[in-house]
Amino acid sequence: MTSSGLGWNIVADVRQLLLFPFMVNALRAGTIVAISAGALGWFMVLRRQAFAGHTLAIVSFPGAAGAILVGISATIGYFTAAIAAALVIAAVPRSLGGRAGSSESAIIGTVQAFALACGALFVSLYGGFLNGLTGLLFGSFLGISASQVLVLLAVAAAAIAVLALIARPLFFATVDPDVAAARGVPVRLLSTVFLVLLGCAAAEVSQITGALLVFALLVMPAATAQQITVRPMASFGLTIGLGLLIVWLGLAVAYFSVYPVGFFITTFGFAGYVLAAASRTAISRSRRRQALAVPA
Amino acid sequence: MSGLAAIVGQPFLRYAFLAGAAIAAASGLTGYFVVLRSQVFTGDALSHVAFTGALAALAAGADLLIGLYGACVIVALAMAMLGRRGMADDTVIGSVFAWILGLGALFLSIYTTSPTGANGTSGVNVLFGTIFGLSAAQAVIDSAVAVGVCLVMIVIARPLLFASIDQAVASARRVPVRVLGAVFLGLVGVTAAAATQAVGALLLLGLLAAPAGAAQRLTARPFLGLWLSAVIAIGSVWAGLLIAYAAPRIPPSFGILAVATTTYLIAITFTPNGGRV
């Protein structure tokens, strides 16, 4: 039997993976999501906005549950909630974001818990879809339709196009905001646009890994790549490569096992990060030892 | 009045109100120090661990309470051991949390697909709480544990406050700062495990943070704030339970979180300079 035309039939197993349309859709969606999450996640880790990404992802859960309750497509709910939350975070003064004092982190914790509680309320009002609930929280790759893949592709393409347009000033504004502002770069506007793009990416990732495990694709590949190399272009490419690898491996293993895809994606991502961090520590330690040994 | 009689007449409501009050008092008292010591992220960590611990116990066929209390207390003490040296940045913390939740999803799936396993209800109960489903035995255990936490908190409140506000001076005055910190985190772990059954693992951060945050906005006096935090927590739980009782479609956890969040919001709105006039 021939595979359904993606053309990456390296092993017989891969051919079996591609037998079913649902799996092909899952792999297509995973590929799109991995690329956009990698691109946005790389900037997010550089800008130290991991917490914002986490909040955006959590907010997408009540968004999706509310959309299902109202009777519109969950995809619309994911994007609307995440983008709205991104605009709110961007509007909140800088003193409330980032690593702030004690009462500010109490606010963030309360907002996250309340968003999750709203999701629980919507699910309860909708009545009995427990499997759907675990899917929303921990991800599911079954039942991704071709039209959903198209929506993912359109949003990802738009997000990446905008990111490509603003990449250079955004990088400048990230590395040195004061100098960038002095040079006339619109730092605040850039930061708002970036948060909206991040909201799109978080909403996309939520649909594959579930709202609770978004960190796996948004943070882990970028963090791993930045452990391996400090050169911006190399680590950017590496981030996307790692994201693709994690998603493809996760989906393939999940296909052959009975366990949830979210577990495999987080495990592969985390294992990659731990390996990279450990080998970097080992290398720098041996270099230091050599440097000490030479003069002696 | 007939409503009140109905509540007292129903055993499951009695358990919910009594255990809920004890758990809320413990969360309010520990939460005040959690916010004061800027350890909200510890509460976040414990909420993830609570979910994975409880489901690991279920997947292994053990009692849920063993996994819940065991995991929360062990992780809380481990975090106390790591201390400030072990403070990693957001990226590392986030990655570890995501992986722990991924493990929880695995245990959930092992449990639900095992021959003895029930449907997905237990997993959802751990995530979002099941205070109306508490059995008499569970209610007694949780209340006893929570009252114990409250008593220990009251005993250590004064030195802990000293140690939280000025660690250096406190240790110079022979206050056992490290021991106090470890005991406190252990108490937070126990509270998190108890609160998981009331509002669920995903929402316990709100019960720890919202009443305490509101109390800190409302008063700058520490002991008044401590009591206020406990009172707000108990009020939120009771009001939330009443809402959920009046409108059965609303889950009690949502009612509790909604009241607590609203209280915090009101406190923020009416104290523009953060209570420190």
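Chain letters run A, B, ... following the sequence lines, proteins first and then strands; every chain starts at 1.
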Under 4.5 Å from any heavy atom of chain B - which part of F268(A): neither
Where at least one partner belongs to residues 232-242 of chain B, residue pairs that pass side-chain hydrogen bond (donor to acceptor under 3.5 Å, both in side chains), sequence neighbours excluded: none
In residues 45-57 of chain B, what donor-acceptor pairs under 3.5 Å come from side-chain atoms, sequence neighbours left out?
unit_1, atom_1, unit_2, atom_2, d
S47(B), OG, D44(B), O, 2.6
H48(B), ND1, D44(B), O, 2.6
T52(B), OG1, H48(B), O, 3.4
T52(B), OG1, I100(B), O, 2.8

Min side-chain heavy-atom separation I110(B)-F263(A) under 4.5 Å: no
Greatest number of heavy atom pairs closer than 4.5 Å to chain B - which of G53(A), P260(A), G262(A): P260(A)
Any F254(B) side-chain heavy atom under 4.5 Å of F114(A) side chain: yes
Residues in side chain to side chain donor-acceptor pair (under 3.5 Å) contact with T55(A), at least two apart in sequence or another chain: Q112(A)
Chain A contact residues among residues 196-203 of chain B, heavy-atom distance under 4.5 Å: L202(B), L203(B)
CH2 (W42(A)) with more than 12 external heavy atoms under 6.0 Å: yes
Nearest non-hydrogen partners of V219(A) and S95(B), listed with the distance: CG1-OG, 3.8 Å
Donor-acceptor contact present, side-chain T110(A) to main-chain T261(B), <3.5 Å: no
Spatial distance of atom CD1 (I250(B)) from atom CG (L125(A)) [nearest 0.5 Å]: 7.0 Å
Derivation and outcome, side chain to side chain contact (heavy atoms under 4.5 Å, CB included), residues L101(B) and L213(A): CA-CA 7 Å; L101(B) 272 182; L213(A) 305 180; 3.6 Å; yes
